K.L.:
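Dropping a structure here in structure tokens format, bear with me for questions.
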Amino acid sequence: MLTLTLMLSAGAEDGSRLWLRYQQVNKAKITGTECLAAEELRQYYDGMEVTLTLDATLPEEGYQISGQTGRQTIRAKSELGLLYGAYALLRSQSDPSSVRQGVTEKPFFRYRILNHWDNLDGSIERGYAGRSIFWDLDGTTPKAIDARLIKEYARANASIGINGTVLNNVNASPKILSAPYISKVKEIADILRPYGIKVYLSVNFASPMTIAAKGFNGGKPLKTADPLNAKVQAWWKAKAKEIYASIPDFGGFLVKANSEGQPGPFDYKRTHADGANALADAVKPYGGIVMWRSFVYGAAHKGEDRVKQAVSEFKNLDGKFRDNVILQSKNGPLDFQPREPYAPIFDNMKQTSQMAELQITQEYLGQSRHLVYLAPMWREFFGFVAPDRLVGIAGVANIGLDKNWCGHHFSQANWYAFGRLAWDPFITSEAIAQEWLTQTFMPQQDNLTPLLSMMLRSREACVDYMMPLGLHHIFRFDHHYGPEPGGFIASYPIEWCPVYYHQADSLGIGFDRTHAGSDATSQYREPFCSLYDDVNTCPERYLLWFHHVLWGFRLKSGNTLWEELQVRYARGVKEVEDFCRIWQEAKPAIDEQRWKEVDQRMQHQLENAREWQKTCLEYFGNFVKK
């Protein structure tokens with residue numbers, strides 16, 4: 001359990017202060033606009049003087065820093081812009097290169113949002129860092145929130161430019177829209193507001209059938225959630241009015257509908273556009289948005305390749321959504337695997353606002369037991385989906401009540417990297433890692449190069465020791481930790497079973513998604529459609545994603561497919577061995593507690609990488625020998 005004493009103690013080395021490890025110097029003279037930025041700088045800036053100036057000519061949320069060493073001026077259009085500038089100036093104390101003097105800085109994306117998969121009982125779906133910082137139950141009612149903890153959460157997010165947070169799981173309980181929970185959401189919103197963070201809620205599409213709306217229908221739920229039913233539309237408008245009366249800057253709703261058993265408009269023979277528009281009309285008068293997830297698979301697509309289902313459901317609806325609906329799609333077409341090609345839905349929705357959903361919590365990348373820095377994965381995605389085609393990005397959060405917030409100390413870097421890329425999707429993975437390392441571990445940049453190298457190599461190493469050459473979804477059932485390539489349970493949907501994805505037999509391995517197979521390649525724009533469709537031109541990193549390849553097929557290395565799989569698994573394990581060596585050598589520069597806690601996890605990571613290598617090569621080797 002995270003304790004406020006440890007979290008706020010200047011001497012604590014448990015990771016609770018994240019990258020905000022400023023010493024409270026109370027040194028600088030702060031002049032000009034008195035605001036939250038002034039408070040932060042007055043406590044933590046080690047220079048002589050900072051002048052804060054409001055300037056209406058600057059862009060919304062933007063700022064500009066200028067001046068000489070120790071004497072700086074921050075200009076911004078708003079107090080929030082001044083706050084962002086203040087955090088940039090504080091960041092520059094450990095990494096001077098992170099501030100560009102005289103340059104106007106502004107966020108690239110309008111929406112920079114964390115998605116918390118927190119349940120109302122305090123548990124977290126795909127959470128690996130303890131219980132929820134927002135929710136817990138006292139019997140059947142929500143417990144009081146920890147205001148000081150939420151404030152520290154707000155500071156951390158504002159320091160990297162995150163401006164929104166979805167407080168509950170996309171597999172939403174209707175209770176979140178009941179009066180007791182709206183009251184708690186208001187308390188959280190009031191704490192986050194000064195830091196420029198709006199609150200959003202995930203909602204259950206069938207909520208009108210469970211929860212009453214204030215001043216509507218005599219306080220009784222409805223018997224339907226049909227989005228074209230006038231009473232249902234009126235219910236959503238009444239509920240929106242109730243929420244905005246308590247939280248005037250409420251951001252809006254996030255919806256998972258007709259996927260994995262969740263209710264949705266298909267239950268009434270309606271479309272996703274019908275469902276999204278009913279909610280969008282309700283929040284529109286208040287400036288709210290609806291983020292409608294395209295992660296859909298289930299009974300409606302029996303027999304269809306799972307990676308095709310989002311485009312199948314949404315392509316013909318392009319242009320039919322209200323202008324305050326944003327389609328939220330995962331970066332890949334499957335489910336946050338260590339490597340996927342980009343999701344083709346970004347090619348097919350040209351008249352609908354879109355945002356990308358990234359997963360900060362490492363559900364499929366070793367969870368909080370492995371050191372895997374995710375910025376290279378996200379930068380890879382932006383190489384295919386241009387950032388200017390998106391209005392925002394959402395990140396599935398990895399935050400819990402563990403003392404260090406994220407379970408693994410290096411998992412904090414992924415929260416940090418998400419915020420920095422939401423602000424500037426063109427900043428390099430190396431620059432972000434350097435910023436984080438110097439603020440979190442090494443303010444003097446001692447021994448920085450080996451740790452930087454380890455972080456930058458870690459994602460590719462994970463791919464190698466888990467699922468090289470386009471292999472995917474061969475994890476153990478349910479918890480998605482560790483290898484189980486032979487996994488098959490007859491009572492499960494086949495698309496939950498690893499054998500469905502690797503298709504290994506005596507001839508070869510891989511999922512045929514070419515025009516001769518499931519034809520998933522046809523959903524991509526050119527040149528990728530043709531590139532991926534041909535086994536001779538398909539990038540080897542996606543080879544087994546798109547092709548069923550013969551074991552004897554020769555790769556660019558000259559190795560057969562089977563030989564290359566052995567090489568990749570061995571390379572991944574060797575990389576983790578090297579990471580362990582680097583961390584051992586860094587011991588003199590790291591505080592004892594954090595060094596030891598990271599070392600324990602890295603030793604486990606090495607053990608698990610070897611398990612992946614042994615399990616997968618033994619299993620697939622049985623097919624080669626047939």
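If you read the sequence from its start, that first residue is 1, and numbering goes on from there. On a predicted model such as this, the values are computed, not experimentally measured, just so you know.
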K.L.:
Please identify which of these residues, I393, D424, D388, meets the side chain to side chain contact (heavy atoms under 4.5 Å, CB included) condition with F108.
P.N.:
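That would be D388; it is the only one of I393, D424, D388 passing the side chain to side chain contact (heavy atoms under 4.5 Å, CB included) with F108.
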
K.L.:
Do I243 and F253 have side chains that get closer than 4.5 Å, going by heavy atoms?
P.N.:
yes

K.L.:
Is the distance from the ring center of W423 to that of Y84 below 6.0 Å?
P.N.:
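Yes, the ring centres sit under 6.0 Å apart.
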
K.L.:
How far apart are the closest heavy atoms of S368 and C406, and which atoms are they?
P.N.:
OG-O, 2.9 Å

K.L.:
Decide whether Y416 and T440 meet the rule of one side-chain donor and one side-chain acceptor closer than 3.5 Å.
P.N.:
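Side chains of Y416 and T440: no pair found under 3.5 Å.
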
K.L.:
Decide, yes or no, whether a salt bridge links E49 with R71 under the criterion of side-chain N to carboxylate O below 4.0 Å.
P.N.:
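Salt bridge between E49 and R71, a charged N being under 4.0 Å from a carboxylate O: yes.
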
K.L.:
Assert yes or no for the condition that the ring centre distance of W436 to F441 is strictly below 6.0 Å.
P.N.:
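Here the rings of F441 and W436 have centres that are less than 6.0 Å from each other.
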
K.L.:
Using modelled atom types and a 3.5 Å cut-off, is there a donor and acceptor pairing between side-chain atoms of N277 and backbone atoms of R322?
P.N.:
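Yes; at least one donor-acceptor contact below 3.5 Å.
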
K.L.:
Indicate yes or no: does K239 engage E242 in a salt bridge with an N to O separation below 4.0 Å.
P.N.:
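Yes, this pair counts.
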
K.L.:
Report yes or no: do Q328 and N115 form a side-chain donor-acceptor pair below 3.5 Å?
P.N.:
yes

K.L.:
Does either side chain, that of D335 or that of Y364, offer a donor lying less than 3.5 Å from an acceptor on the other one?
P.N.:
yes

K.L.:
Could you check F381, F528, F384, F382 and say which one makes a ring-ring contact (aromatic ring centres under 6.0 Å, His included) with F346?
P.N.:
F381

K.L.:
Is R379 paired with E430 through a side-chain N to carboxylate O contact shorter than 4.0 Å?
P.N.:
no

K.L.:
Would you please test D190 and R193 for salt bridge (charged side-chain N to carboxylate O under 4.0 Å, His left out) and show each step?
P.N.:
CA-CA 5 Å; D190 289 345; R193 186 174 295 110; 2.9 Å; yes

K.L.:
Test your reading of the model: is there a side-chain donor-acceptor pair from R369 to the backbone of G407, 3.5 Å cut-off?
P.N.:
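Checked: no pair found.
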
K.L.:
Do T53 side-chain atoms and R75 backbone N/O form a donor-acceptor pair below 3.5 Å?
P.N.:
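Looks like no, no N/O pair under 3.5 Å.
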
K.L.:
Check I182 against L177 and note the closest heavy-atom contact, atom names and distance.
P.N.:
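I182 and L177 have their closest heavy atoms at CD1-O, 3.5 Å.
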
K.L.:
Within the side chain of D402, is there an N or O that forms a donor-acceptor pair under 3.5 Å with the backbone of N404?
P.N.:
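No.
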
